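All values reported here derive from a predicted model rather than from experimental measurement. Computation of the quantities below employed the complete heavy-atom set of this structure, encompassing side-chain atoms and omitting hydrogens, waters and symmetry-equivalent molecules. Just so it is clear: chains get the letters A, B, ... in the order the sequence lines come, proteins before strands, and each one is counted from 1.
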Protein chains: 2
Amino acid sequence: MATNSPRLTKMEELAKVAGVSVSTVSRALAGNPSINAKTRARIVDLAAKHNYQINENARNFRLQKTNVIAVVLMLDVKSEQHTSDMFFLEMLGAIADALSVQNYDLLLANSPMTNVLDIQSSRIFRQSDGIIFIGQGNQHEQLNEFSGLEKPMVVWGSNLPDRRYCTVGADNVVGGYLATKHLLNLGRKDIVFMGDINMPEPKQRFEGYLNALKEKGIKFNKRLQIDVPFEMSHASEAINDLLQQKISFDGAVCCSDLIALSAIAALTESGLRVPEDVAVVGYDDIALASYSSPSLTTVRQNIVQGGRILVQKLMAQINGDTVADSVLKTELIVRRSSGAW
Amino acid sequence: MATNSPRLTKMEELAKVAGVSVSTVSRALAGNPSINAKTRARIVDLAAKHNYQINENARNFRLQKTNVIAVVLMLDVKSEQHTSDMFFLEMLGAIADALSVQNYDLLLANSPMTNVLDIQSSRIFRQSDGIIFIGQGNQHEQLNEFSGLEKPMVVWGSNLPDRRYCTVGADNVVGGYLATKHLLNLGRKDIVFMGDINMPEPKQRFEGYLNALKEKGIKFNKRLQIDVPFEMSHASEAINDLLQQKISFDGAVCCSDLIALSAIAALTESGLRVPEDVAVVGYDDIALASYSSPSLTTVRQNIVQGGRILVQKLMAQINGDTVADSVLKTELIVRRSSGAW
DNA sequence: GGTAAAAATACAAACGATTGCATTTTGCTG
DNA sequence: CAGCAAAATGCAATCGTTTGTATTTTTACC
């Protein structure tokens with residue numbers, strides 16, 4: 001099929017070869033119905049044969065669009081969230097896949113921003129048709145302001161009150177509830193909640209945690225909630241603190257698998273058995289969760305579906321539609337079927 | 001500083017405001033020395049004041065460049081390398097940072113390709129000024145062919161023989177050597193090598209492994225090398241296989257931290273103690289390595305430096321220079337200072 | 001076969017920047 | 001102050017598409 005004809009770089013050349021005008025070629029390649037079917041077929045064939053590839057730069061220029069979507073990873077610098085990284089990459093992959101179906105490319109925001117609004121003067125902003133924010137960090141207000149900027153955007157995160165932007169996210173309240181309920185059903189009573197409730201998502205999970213406690217008629221003990229960042233080293237410290245303070249607990253709901261793994265490590269180091277003495281539930285279901293020992297019961301967010309929906313909502317906005325938020329189903333993955341866990 | 005003047009979108013408008021011609025504005029903004037310093041300053045000020053931002057599309061079109069670098073993650077589909085993901089994301093971040101300094105954006109290749117050469121007809125190819133490949137997968141030949149395509153490119157990986165493309169990579173031979181040497185120094189004799197030696201990097205690490213053995217005068221036992229992919233589940237199977245076959249061993253050099261962690265899990269499940277019965281060394285030093293329990297001795301590749309050098313070499317090529325390969329120093333991170341480990 | 005309507009194609013003007021070259025302005029020197 | 005070189009600026013063509021409108025070709029009908 002492929003020949004070695006000198007590569008055609010301009011429509012003009014292809015037009016000459018085909019014996020038609022440039023505009024006909026343009027329309028033929030774009031599938032414009034006003035071009036005779038036979039002519040179109042002939043031109044498309046010739047294009048393939050001569051390995052013609054449209055000059056995307058010229059096209060974008062003319063059409064004033066980019067066919068690029070920017071993705072901004074809202075790494076929370078303060079809390080050194082390098083660790084939920086795995087989640088970010090999985091999400092990134094899911095989004096990239098969903099975008100490629102729509103013939104869009106993915107532009108990665110170069111570095112974690114301290115203020116989202118800075119983006120509006122960056123190339124990320126000008127060189128993209130829309131922006132996907134992964135996470136909200138603690139920039140809810142800035143995102144709200146950003147949404148006034150006439151730039152299609154969508155945010156992976158929780159549906160905070162007063163938001164003016166479209167969010168797609170897992171149901172964090174249900175997630176927190178499921179995790180806690182699971183431990184309660186195993187007979188645990190004193191359950192630690194490990195997660196920074198100043199951050200949107202942990203906050204909602206905490207709400208679910210409280211709901212589950214209330215349902216069982218258990219009173220919440222303030223000292224069992226610990227503002228631990230996603231970053232894991234702090235989690236072991238926190239556990240050690242608890243132990244030192246002789247605060248007793250027999251279960252832990254963690255806001256990431258890495259926190260959970262770190263907690264488990266700290267517990268075992270202190271001579272406690274997991275899950276016999278303290279049962280632990282994670283969040284995210286990163287690959288490692290299933291392979292670690294003991295393997296981890298965890299709450300799974302459907303990342304692939306999330307990526308797909310993010311893209312879909314963004315495309316809708318680009319096409320001028322208004323879109324509603326979307327809350328994805330969340331499920332509990334129970335890893336140790338043995339009773340104790 | 002910022003005013004609410006109606007945003008100027010074309011140079012023409014800015015030119016009118018400044019009372020000069022479009023070409024003068026263009027040159028002033030580009031820092032062309034033929035423009036009077038005072039005029040330039042005035043124009044730059046006006047641009048800021050009126051919030052003028054150049055139309056990057058038009059600029060790229062005119063200059064026939066993109067200011068975008070594409071990054072292709074060579075995820076090895078066959079071996080389901082989802083797990084060294086963490087490495088990929090860290091590298092991605094490092095590259096993005098290095099690129100942003102040079103005012104380049106990062107375009108992420110949408111999905112793992114089965115054949116690298118397919119890229120040449122994709123937008124990734126046309127819409128970028130250069131390409132960075134992360135890893136070689138098993139597409140050494142295709143990459144070689146690709147290098148004939150007049151597109152600046154650079155590859156993170158090992159310096160395979162007969163390569164025609166520029167590589168930047170850690171010293172895998174030394175890495176394998178260091179890991180093995182470490183175990184030998186601890187008195188271990190029967191050391192398993194876990195890694196698929198059909199892949200370039202594991203292959204070189206295996207070479208280092210053999211060197212270390214030879215140095216100690218230990219004969220290599222063929223049955224101790226296991227072609228385990230980076231993906232972790234296979235690692236525990238492999239360990240279980242060894243145990244079932246009653247092949248005895250007291251150490252393991254693993255080609256990724258995840259393989260290592262998986263191996264450790266399998267070992268402990270079988271009632272063996274780590275590191276007392278079997279000492280394990282990983283590779284990559286992912287964040288988890290330091291927090292897992294027991295914490296993991298591992299070989300670290302300097303990813304940030306790697307990203308920076310990749311970008312630097314690519315820029316050099318874009319500027320028409322020819323560049324040489326680069327091999328980064330590799331170091332062993334010993335985590336358990338206690339003698340046994 | 002002549003005519004008008006419909007279908008297919010061609011023409012030419014954008015899109016917003018850059019840049020070689022022409023032109024004007026400035027600065028110097030005798 | 002004339003004269004000229006150097007410095008500063010302006011003019012206009014150009015990059016490769018798309019698309020509104022003009023033009024040509026085809027079709028259908030009497």
When rounded to the nearest 0.5 angstrom, what is the spacing between [atom1] in [X] and [atom2] in [Y]?
X: B/T167; Y: B/H140; atom1: OG1; atom2: NE2; result: 10.0 Å
X: A/Q139; Y: A/M74; atom1: CD; atom2: CE; result: 4.5 Å
X: B/L29; Y: B/R59; atom1: CG; atom2: CZ; result: 9.5 Å

Just the rounded figure in Å: distance from [atom2] of [N] to [atom1] of [X].
X: B/I35; N: C/dT25; atom1: CD1; atom2: C1'; result: 13 Å
X: B/I43; N: C/dA17; atom1: CD1; atom2: P; result: 13 Å
X: A/K38; N: C/dT9; atom1: NZ; atom2: C1'; result: 16 Å
X: B/N60; N: D/dG16; atom1: CG; atom2: P; result: 14 Å
X: B/R126; N: D/dG16; atom1: CZ; atom2: P; result: 15 Å
X: B/N32; N: C/dA17; atom1: CG; atom2: P; result: 17 Å
X: B/R42; N: D/dA8; atom1: CZ; atom2: C1'; result: 13 Å
X: B/K16; N: C/dA17; atom1: NZ; atom2: P; result: 14 Å

Problem set entry | N/O (side chain, A/T39) to phosphate O (OP1/OP2, C/dA8) under 4.0 Å |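 Result: no.
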Exercise. Within the structure, does a side-chain N or O atom of A/Q64 lie under 4.0 Å from either OP1 or OP2 of C/dG16?
Worked result: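 So the side-chain polar atoms of A/Q64 do come within 4.0 Å of the phosphate oxygens OP1 or OP2 of C/dG16, strictly under.
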Exercise. Taking five pairs at each end, how big is the angle between the two axes of the helix from C/dG1-D/dC30 to C/dG30-D/dC1, to 10°?
Worked result: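 Answer rounded to 10°: the end axes differ by 40°.
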For this session: State, yes or no, whether a side-chain contact exists between B/M153 and B/I132 at a heavy-atom distance under 4.5 Å.
Result: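 No; the side chains remain at least 4.5 Å from each other.
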Exercise. Quick one: are the ring centres of A/F146 and A/F133 less than 6.0 Å apart?
Worked result: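 Yes; A/F133 has its ring centre under 6.0 Å from that of A/F146.
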Exercise. Do you know the tightest heavy-atom contact between B/I35 and B/A28?
Worked result: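 That would be CG1-N, 3.9 Å.
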For this session: State whether the aromatic ring of A/F61 stacks on the base of C/dC15, taking stacking to mean ring centres under 5.5 Å apart and ring planes under 30° to each other.
Result: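 Yes.
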Seminar exercise, completed: Given protein heavy atoms under 4.0 Å, the one-letter contact record of nucleotides 17-26 of chain D, with B base, S sugar-phosphate only and - none, is simply BBBB------
Problem set entry | Partner of B/D325 under salt bridge (Lys or Arg N to Asp or Glu O under 4.0 Å), chosen from B/R164, B/K313, B/R163 |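 Among B/R164, B/K313, B/R163, the one that satisfies the salt bridge (Lys or Arg N to Asp or Glu O under 4.0 Å) with B/D325 is B/R163.
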Problem set entry | B/N144 side-chain N/O to B/D162 backbone N/O, donor-acceptor pair under 3.5 Å |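 Pair found, side chain donor or acceptor close to backbone of B/D162.
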Exercise. Does B/F125 have B/K151 sitting over its ring (NZ/CZ under 6.0 Å from centre, angle to axis within 45°)?
Worked result: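 So B/K151 does make the cation-pi contact.
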